[in-house]
Protein chains: 2
Amino acid sequence: MEKGSFKNMKKQNQKNILTLIKNEKGISRAQIADQLEVSRATVTNIVRELIKLKLVRESKMGMSRGGRRPMLLKLNSEGAYVIGIEWGIEAIRAVLLDFEAEIIEEDQINTEKYTLAEYKNHTFSLIKKYKDQLKDSNKIIGIGLGIHGLVDPEAGKSIFTPHFDWGEVDIKSILAEKYDYPIFIDNDVRMMAAGEIWQDREDFIFINTGSGIGAALVFKAELHYGNNYAAGEFGHMKITDDGPICHCGKKGCLEALSSKESIIERYHKLKDLKSEINFDQIMINFQKEENEALIVINDALKYFGRAISDLVNILNPEAVIIGGLFAEYEETLIKPLYQIVKEESLAQAVKDLKISTAYYQEFAGAAGAAEKVLNNFFELKI
Amino acid sequence: MEKGSFKNMKKQNQKNILTLIKNEKGISRAQIADQLEVSRATVTNIVRELIKLKLVRESKMGMSRGGRRPMLLKLNSEGAYVIGIEWGIEAIRAVLLDFEAEIIEEDQINTEKYTLAEYKNHTFSLIKKYKDQLKDSNKIIGIGLGIHGLVDPEAGKSIFTPHFDWGEVDIKSILAEKYDYPIFIDNDVRMMAAGEIWQDREDFIFINTGSGIGAALVFKAELHYGNNYAAGEFGHMKITDDGPICHCGKKGCLEALSSKESIIERYHKLKDLKSEINFDQIMINFQKEENEALIVINDALKYFGRAISDLVNILNPEAVIIGGLFAEYEETLIKPLYQIVKEESLAQAVKDLKISTAYYQEFAGAAGAAEKVLNNFFELKI
DNA sequence: CTTTGTTAATTTAATAAATTAACAAAGAAA
DNA sequence: TTTCTTTGTTAATTTATTAAATTAACAAAG
């Protein structure tokens, strides 16, 4: 419930203008005024300020339509930078983005001891590297960090991380002690979804696949957190009456049916293998139409599709975006998945549904974390 | 994406002030200014206008806290009226509410032929009755109408109604031809949810139980419609691998397991009854702990609970509000249901969950439809 | 090369609606 | 009684908008 004030009135127009310049790469002041239905004078004034802040620049003349040629405006990519970090299960990934969200630098550091100290120190050195790299480190407008598990983004705390035994960690304070930038902490999947919001998507469910299966819900270009920041626990929907026992203690969870490990485990058992096998090999066999691979993958897809159908029936999203492991097999996995969802969902809810893969791959978490900072900046929440 | 303008700035403050007066029944101008962090002058000016519009009135002096006694402001219940209508499967229900959402008049007309003409004519006569009853029919600020099935609320059209074979009906136009009020058409369950929004709830799932099982989703005090207005099709989640075939053609749908008809049918079969039996009699037998009633009701609850758990895991709502049939049995059905949901959901998502019954009962749809109009009025969308 | 008509961007003046400041009204406390 | 508080109003000021006028820059047509 925003209040009406001069500050907010102007903020709203600043936000609208900046967002429009971001979306239409190359737009004139006159077009902005027409599209936003504000006067040209207002646009002139606000754009002047944005240029002074180095967030916007005049790029080139546009084509004349019978009069003075328009000056096209763009974001000034060198006007600001953001750092995005993902504390993954086996690696820390980090990116440095410019103000147009182009990746300037990306790094991956594989972790070994899985201690908080290790993650902290690697993070500090990555941030140092990026700061040193920029001529002017004051241009960094924020740091975003994603981590799996339950996160309280308002407090900036990681509450519970299934794969680390750290307990509750106040990550925001750890970073805020050393750095004077705005800091955003959130669940990794939500960060990935924030990345898709940056790509101009407004209404979708992002599903990250792999060892865990998690979702993030986006309505009206905003993340839906739920009452305890626990929304999106997609992996623990009960999909079938029995099935293997999930690590959460219950039976029939999606995660126990369609996660990477559960697929590998089932395949291993089915073929009574002695040695280890990885997912990619199973997929190769699947494409060769090997019997066991067909069974295991098709079952995993069937249950996954059923779970997505439930989501589609309930939420009727514009799109479902798949990230992580399955996204690497667009042709072989995502296409058949789409058919399953089509068949299992109600006609009205699935009518215009799009199922696509994520914009980024391995660096989806890190880039998304950075774009979360950008999203907030563009909402002028910084 | 609202634009910044003087009009919008003022609108925002009008909205905030009106809403505050609605929520705190009896509040002074000074308190409003403090709470909303706007100046007293602004409050004075806007309140003056609201009083002139007869939407607000000065009620009585409050207690002094060491100075001049405050003048307490309230909504002027006689300043405006709304009409709410539900086109139910066996009856039309209608209410006339005053500006404080008190029910002034309520009516139920049982329908017989289930033709559009019948519903239209009854509706016209009900509206006529309410208009005649008011001294000044200009004070009616809108009409809301709820109907089951798929509705396009923006167009004001009923797209598909499982229980009537009317095809697509442009209900808004039917009413707009005769009446010059703002008209709101929506799905019945969403209207019920709008009623709960009026009761100051902001984040919940409303589930209507009975012949069908439908849900409406409310986040941040706003209804979530989905991409094709199809969000909330809760009744067709696949809850179990087999089970009876649903009228939608699929197996294992919640509606085929826990709806009124499916419960009665199963009980009927189980006891091999010759004559008809109604739900209330089954519930009497359930409380007598009759074996068949226990089986049938407990199974229905089990599946219903499982479906709610899936919703809770995914959406982590603040509350689940049950309306319709099950809500009539708070002690015997809702309490055990809560236990099931507690057990089946993830700890974090269910931690603070409240399961409660709807504020209104038979007139939930009609009252909600009226309150949808009020909600929109308070958002100054009229 | 000139004229005419358009479109783009800026400047200036008018206006809407907020805030601040000053004060009257009304009661509490000393 | 006198002084202090709190409420609510009015007048003056400030902010940021829009409308209108102006300048800049070009296309089209002759």
Side-chain angles (χ1 to χ4, degrees), chain A residues 1-21 24 26-53 56-74 380, chain B residues 1-21 24 26-53 56-74 380:
Chain A
M1 190 160 74
E2 278 296 323
K3 70 166 176 167
S5 66
F6 292 106
K7 207 175 270 180
N8 281 337
M9 172 166 64
K10 185 167 184 183
K11 211 167 145 180
Q12 190 64 49
N13 285 328
Q14 287 174 320
K15 177 174 121 185
N16 291 161
I17 290 173
L18 194 56
T19 304
L20 198 54
I21 294 174
E24 319 282 321
I27 186 171
S28 70
R29 291 169 177 83
Q31 281 177 292
I32 293 173
D34 289 352
Q35 283 199 40
L36 299 180
E37 293 179 300
V38 295
S39 70
R40 291 180 171 197
T42 296
V43 176
T44 292
N45 289 329
I46 289 181
V47 166
R48 193 192 346 253
E49 288 174 27
L50 292 174
I51 288 176
K52 205 169 176 189
L53 289 168
V56 167
R57 66 184 172 85
E58 295 186 329
S59 67
K60 59 176 181 186
M61 292 299 212
M63 282 300 105
S64 163
R65 288 178 287 169
R68 174 171 167 178
R69 297 179 63 185
M71 175 54 77
L72 301 184
L73 302 169
K74 291 187 72 175
L380 303 184
Chain B
M1 190 160 74
E2 279 295 324
K3 71 168 176 167
S5 66
F6 290 101
K7 208 177 268 182
N8 282 337
M9 173 166 62
K10 185 169 184 183
K11 212 167 146 179
Q12 189 65 48
N13 285 327
Q14 287 174 319
K15 178 173 120 184
N16 291 344
I17 290 173
L18 195 57
T19 304
L20 199 54
I21 293 174
E24 320 281 321
I27 188 172
S28 70
R29 291 167 176 85
Q31 279 177 293
I32 293 173
D34 289 351
Q35 281 199 41
L36 297 181
E37 293 179 301
V38 295
S39 71
R40 293 178 171 199
T42 297
V43 176
T44 293
N45 289 328
I46 289 181
V47 166
R48 195 197 337 260
E49 288 174 28
L50 292 173
I51 289 176
K52 206 168 175 188
L53 289 168
V56 167
R57 66 184 172 86
E58 295 186 329
S59 67
K60 58 175 182 186
M61 293 299 214
M63 282 300 106
S64 164
R65 288 180 289 170
R68 174 173 166 178
R69 296 180 65 185
M71 175 54 78
L72 301 183
L73 302 167
K74 291 186 72 175
L380 302 184

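In the text below, chain A, chain B and the rest are named by the order of the sequence lines, each starting its count at 1.
The residue B:R29 sits close only to the backbone: its heavy atoms come under 4.0 Å of sugar-phosphate atoms, none of a base. Contacts of A:T42 with the nucleic acid, taken as non-hydrogen atoms under 4.0 Å apart, include base atoms. Among the protein residues, B:V43 comes within range of no part of the nucleic acid, since none of its heavy atoms lies under 4.0 Å from any strand.
Considering only side-chain atoms of A:F6, the nucleotide from D:dT14, C:dT11, D:dT17 that sits closest is D:dT14. Checking C:dT11, D:dT9, C:dT19 against every side-chain atom of B:R40, the shortest atom distance belongs to D:dT9.
Base pairing analysis places D:dA24 opposite C:dT7; the two distances defining the Watson-Crick or G-U wobble pair are each below 3.5 Å. The nucleotide C:dT2 finds its pairing partner in D:dA29, both defining distances of the Watson-Crick or G-U wobble pair being shorter than 3.5 Å. Under the Watson-Crick or G-U wobble criterion, with both distances below 3.5 Å, C:dA29 is paired with D:dT2. Summarising the base pairing, D:dA19 is matched to C:dT12 through a Watson-Crick or G-U wobble pair whose two defining distances lie under 3.5 Å.
Comparing B:I46 and A:A30, the nucleotide of DNA chain C nearest to each residue sits closer to the 5' end for A:A30. In this structure, A:A41 and A:R69 both approach DNA chain D, and ranking their closest nucleotides by distance from the 5' end singles out A:A41.
Atoms CG (A:D34) and C1' (C:dA8) sit 11 Å apart, rounded to a whole Å. Between the P atom of D:dG8 and the CD1 atom of B:I27 lies a distance of 10 Å, rounded to the nearest Å.
Side-chain N or O atoms of A:S59 include one that pairs as donor or acceptor with a backbone N or O of A:L72 at under 3.5 Å. Remark: side-chain polar atoms of B:T44 are paired, donor with acceptor, to backbone N or O of B:R40 under 3.5 angstrom.
Looking at residues 10-18 of chain A, you'll see that no heavy atom sits under 4.0 Å from any atom of DNA chain C.
Side-chain N/O atoms of A:R68 and base N/O atoms of C:dA8 include a donor-acceptor pair closer than 3.5 Å.
Here the shortest heavy-atom pairing between A:I21 and A:K74 reads CG2-C, 3.6 Å. A pairwise comparison of heavy atoms in B:M71 and B:K60 identifies SD-O, 3.7 Å as the closest pair. A:K3 approaches A:N8 most closely through the heavy-atom pair O-ND2, 2.8 Å.
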Would A:E2 and B:K15 count as a salt bridge (Lys or Arg N to Asp or Glu O under 4.0 Å) if you check the C-alpha gap in whole Å, the side-chain angles of each, and the deciding distance to 0.1 Å? CA-CA 10 Å; A:E2 278 296 323; B:K15 178 173 120 184; over 6 Å; no
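You'll find the side chain of B:K10 reaches within 4.5 Å of the side chain of B:E49, heavy atoms only.
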